[in-house]
Amino acid sequence: MEVVLGALPSLIPKLGELLADEYSLQKQVKGGIRFLQSELESMQGALEKISGTPADQLDNQDKIWANDVRDLSYDIEDSVDTFMVRCKGRKPANQPKIRRKIATEIRDIRARVEEVSRRRDRNKIDAIVAKPATTAVDPRLLAQYKKATEIIGIERARDELIKIITEENEVSMQQGKIVSIVGFGGLGKTTLANTETLDERQLIDELRVFLQDKRRIFADDNCPHEELYEVSDKILKKCAGVPLAIITIASLLASKQKTKMVWYDVYNSVGTGLEKDLDVSTMRKVLSLSYYDLPSHLRTCLLYLSVFPEDYKISKNRLIFMWIAEGFIQDGKHESLFEVGESYFSDLINRSMIQPVDDSSHGFITEHCRVHDMILDLLCSLSNEEKFVTIFNGVDHLAPPKVRRLSLQSCKADHGPPGDSMNMQHVRSIVAFPSAYHLMPALRRFKVLRVLDLQDCDLSGRDLKYICYLIHLRYLGLNATEIDLLPEEIGSLQSLQTLDVTSTKIPRLPLAVYQLRRLICLRLDMSIIVPNGIGSLTSLEELSDFHIDSSTNIIEELGHLTELRELQMVYHTKHEGTLVKSLLCKLQKIQNLDIYVTGNCNLDGWVAPLHIRKLRLLGCWFSILPDWMNPSHLANLSALSIRVREIQQKDLDILGMLPALRSLGLKVDHENICNIGRVISIGACSFPCLKEYVLWGYSGLVTFQHGSMPWLTSLWLEFTVQEAAKITYTETVLGLGLGYLASLQKVFIQIRSRGSIRDGAVEEVEAALRHVAEVHPNRPTLTIYHT
Ligand SMILES: *[C@@H]1O[C@H](CO)[C@@H](O)[C@H](O)[C@H]1NC(C)=O
Ligand SMILES: *[C@@H]1O[C@H](CO)[C@@H](O)[C@H](O)[C@H]1NC(C)=O
Ligand SMILES: *[C@@H]1O[C@H](CO)[C@@H](O)[C@H](O)[C@H]1NC(C)=O
């Protein structure tokens, strides 16, 4: 049942810190802390064991005990954090009041811990379920069903839905595919985004192939695969062809032993009956199986997603920084907390608990996710049961006595704000959405708030002065709030890790922000004036929407921020960009670099670090493609947008081998190069995962060979009428080979007509292009520009 271990994972190491000399606590108090440490460790062990057990299999005593422990852990952490924050910058030895207070609190806590333990001894936990800790899903399976998942859950009435499907059917049948969504019309609530999917039978076949593949993998566990046929058929019948159910159960099975018995266990735990139609409760069972199979740290992180409303596009970084602020992420050995959080995020994607959203505006990199309605339903109900998040979304729930997290999503007319009777003193996170912002309690009612996220709420004219009392605050999200003043008092938020003031009306960053030495993420707005001093924020890992002009020496200060992983900035300068180059040379941890420099900035000689993932350098030039842009150096590069004076066939051959590249933008400068008539050919098997290809300024033509860019959806090209005309008249009609780009959906062509052009030439080129688009199997949209 218990999803989570409360604050135990972050609390236990903190108790260790308290023993350090820095806090100079009395011997007796230290003794109390050591006692708590060992007691809480053993509690965490026991909690971990029962936490993977579904609620209906736990007895009441266990539930009560687990609840007590979690509650206790939150309270202890609040005390410890308060003590630590108060001691900041002072010698506790000189703070008799603070020390006396912590001594009393430790005594009280000790008594509570002992009481909880005694109660547990009186009601021993017997049945404990062991479980494996890891699961992975074959990404091929995910790719296969990615489209299919989009069809689950439909808001429209069942009849209307069936109508749509029947109409679709004729088209689909011609392509040898049958749409089957029967059995759960009206169940979910996302739109019917894509009716093309596989029927149940095909899904089963696919899954079989997948499972057979896996057995290749598991060749040595001498398991005759026939014995799994029957049970896998049964399991799949239970999934009723619902892709989400199939994907989640496949992810789960992949982690289990490949034996009939183990699989029958899974089958039996899904519930009985209803094998034709998948009803809500069976679906819930399937999903919760995967949920309980998660290790406890992932369960906690996943449950936190219940703060977001249905169908919400959740930013990955926003989520991870919230997790960090809540203390859900434990120290990595060689990685930053953020990187550990990122691995949790991709783990949740791999297990199909969240869906990646990778859209073109982010270079097709996964920067967002969504939670499927049915999974969100499950999370909200668990969250409510576990008193993890108290959600205001128009459904009346009884608020727990100690609210730890509050999500204000929407409200019914008769739904009042959290009344004075609701205690805000223990709230750690509050996330408010615009339609429920009026329910937001006054800030002074909060005492231990860690996360305050008001993104998109209208705060124009609001005064946030009170914020300075929220000394535990680690995450302050004011993105798109219209707030126009950040108070100087913000300097007192010594624990702050994330400050997001993107899309606000704040004219100038208060100097006090530079006192926030724990800041890891600072998101500004291009319009905010940034005073000198940013170089003191040496913990920063992310700095974005940052605008500097050449009149300041901030560009040099940035060189101190050597922890930066993500930098997004605009730099206005009239000088040669040598300062930019020397800055980039210092940022050895950079992974996402997105800069726009006006002026004349040459980057020859700079070498990007190995782990670079996104490189967008606008306004800066390389003379030729640098040597380090090759597959062995750039194994993880997903998005590349650069300017290179001149490119050759071999450059495209090399870029085509970058294994992770999803978006490529190249601007070349062939304006003054006269050897018109060169053709660059994109070879078969090159650009294995590219989705977007932009090439500006190239004077020759680009042709695509069969099997190149198999995933390319968007293509942007530019060419001269003269060049195009040459090809137009060959028998292949504009033989660029666009027909070979099997996934193509959008084509943007810029036609340059310089010099003398024969009458009608432009029209002929246009007509030829339109013809190419029309005969392409996908019928991509074609947009033509003229310059
Ligand atoms: C998720 O799956 C991908 C692709 O198989 C793999 O590269 C990655 O390491 C996995 N991530 C985690 C956290 O398991
Ligand atoms: C900030 O808010 C805007 C508007 O809601 C949103 O589009 C954007 O993604 C947000 N930025 C971040 C970093 O979350
Ligand atoms: C590439 O990404 C993988 C997965 O995130 C990571 O394990 C690996 O260390 C990265 N490689 C480099 C060179 O950064």
Side-chain angles (χ1 to χ4, degrees), residues 1-16 34-77 80 109 112-114 116-136 252 255-256 265 269 288-306 323 326-333 337 340-341 343-344 347-348 351 353 378-379 382-383 385-389 404-405 428:
M1 77 139 200
E2 246 67 54
V3 238
V4 280
L5 306 175
L8 287 175
S10 52
L11 171 60
I12 293 172
K14 248 179 232 167
L15 289 174
R34 286 201 193 90
F35 167 82
L36 286 180
Q37 255 184 325
S38 65
E39 198 65 3
L40 293 175
E41 267 165 24
S42 80
M43 284 178 166
Q44 171 163 337
L47 204 51
E48 197 127 19
K49 279 184 192 151
I50 65 167
S51 73
T53 311
D56 53 3
Q57 291 168 30
L58 270 186
D59 76 40
N60 243 354
Q61 291 305 331
D62 294 350
K63 286 188 201 173
I64 293 169
W65 175 78
N67 259 326
D68 284 351
V69 173
R70 265 180 315 162
D71 243 14
L72 196 57
S73 70
Y74 286 132
D75 291 348
I76 302 174
E77 191 177 51
V80 170
I109 288 167
R112 274 180 73 190
V113 169
E114 283 168 341
V116 168
S117 295
R118 271 199 300 276
R119 195 155 25 166
R120 176 165 182 249
D121 288 342
R122 289 196 295 268
N123 315 286
K124 264 267 180 266
I125 295 169
D126 315 309
I128 275 164
V129 182
K131 60 177 192 60
T134 54
T135 305
L252 178 68
S255 75
K256 301 278 179 202
D265 276 351
S269 40
S288 47
L289 263 189
S290 303
Y291 175 80
Y292 286 115
D293 198 59
L294 297 175
S296 60
H297 63 273
L298 285 186
R299 253 180 276 150
T300 308
C301 289
L302 182 61
L303 205 61
Y304 195 76
L305 287 154
S306 60
W323 285 344
E326 273 270 5
F328 295 159
I329 296 183
Q330 305 315 310
D331 252 326
K333 285 205 180 67
L337 288 178
V340 178
S343 71
Y344 290 6
D347 210 350
L348 288 172
R351 293 159 183 267
M353 302 313 284
L378 173 73
L379 297 181
L382 288 167
S383 203
E385 239 168 71
E386 308 302 329
K387 307 174 182 70
F388 189 79
V389 182
R404 306 282 178 186
R405 296 171 192 88
R428 301 175 152 231

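Residues satisfying the side-chain contact (heavy atoms from CB on, under 4.5 Å) criterion with S306, sequence neighbours excluded, are L379, C380, S383, V389, I391. In terms of the side-chain contact (heavy atoms from CB on, under 4.5 Å) criterion, residue partners of E41 (sequence neighbours excluded) are, by chain and number, I12. Taking E326 as the reference, Y304, F328, R405, R428, S429, V451 meet the side-chain contact (heavy atoms from CB on, under 4.5 Å) condition, with sequence neighbours excluded.
Here the CD atom belonging to E48 is positioned 8.0 Å from the CZ atom belonging to R299, to the nearest 0.5 angstrom. For the atom pair CG (D293) and CZ (R351), the distance works out to 6.5 Å, reported to the nearest 0.5 Å. Within the model, atoms CE of M43 and CG of L5 stand 13.0 Å from one another, a figure rounded to the nearest 0.5 Å. In this structure, the separation between CG on L348 and CG on L302 is 5.5 Å, given to the nearest 0.5 Å. Here the straight-line distance linking atom CZ of R112 with atom CG of L72 works out to 4.5 Å at 0.5 Å rounding. Considering CG of L36 and CD of E39, their distance stands at 8.5 Å, rounded to 0.5 Å.
Counting all heavy atoms, side chain and backbone alike, S10 lies closest to P13 at O-CD, 3.5 Å. The two residues S290 and M353 come nearest to each other via the heavy atoms CB-SD, 4.0 Å. Nearest heavy-atom pair across A7 and E77 is CB-OE1, 3.4 Å.
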>> Could you walk me through whether T300 and W323 satisfy the side chain to side chain contact (heavy atoms under 4.5 Å, CB included) test, starting with their C-alpha distance in whole Å, then the side-chain angles of each, then the deciding distance to 0.1 Å, before giving a yes or no?
In response: CA-CA 9 Å; T300 308; W323 285 344; over 6 Å; no
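Electrostatic pairing of D71 and R404 counts as a salt bridge here, judged by a charged N lying under 4.0 Å from a carboxylate O.
In this structure, the side chains of V69 and L8 come closer than 4.5 Å at one or more pairs of heavy atoms.
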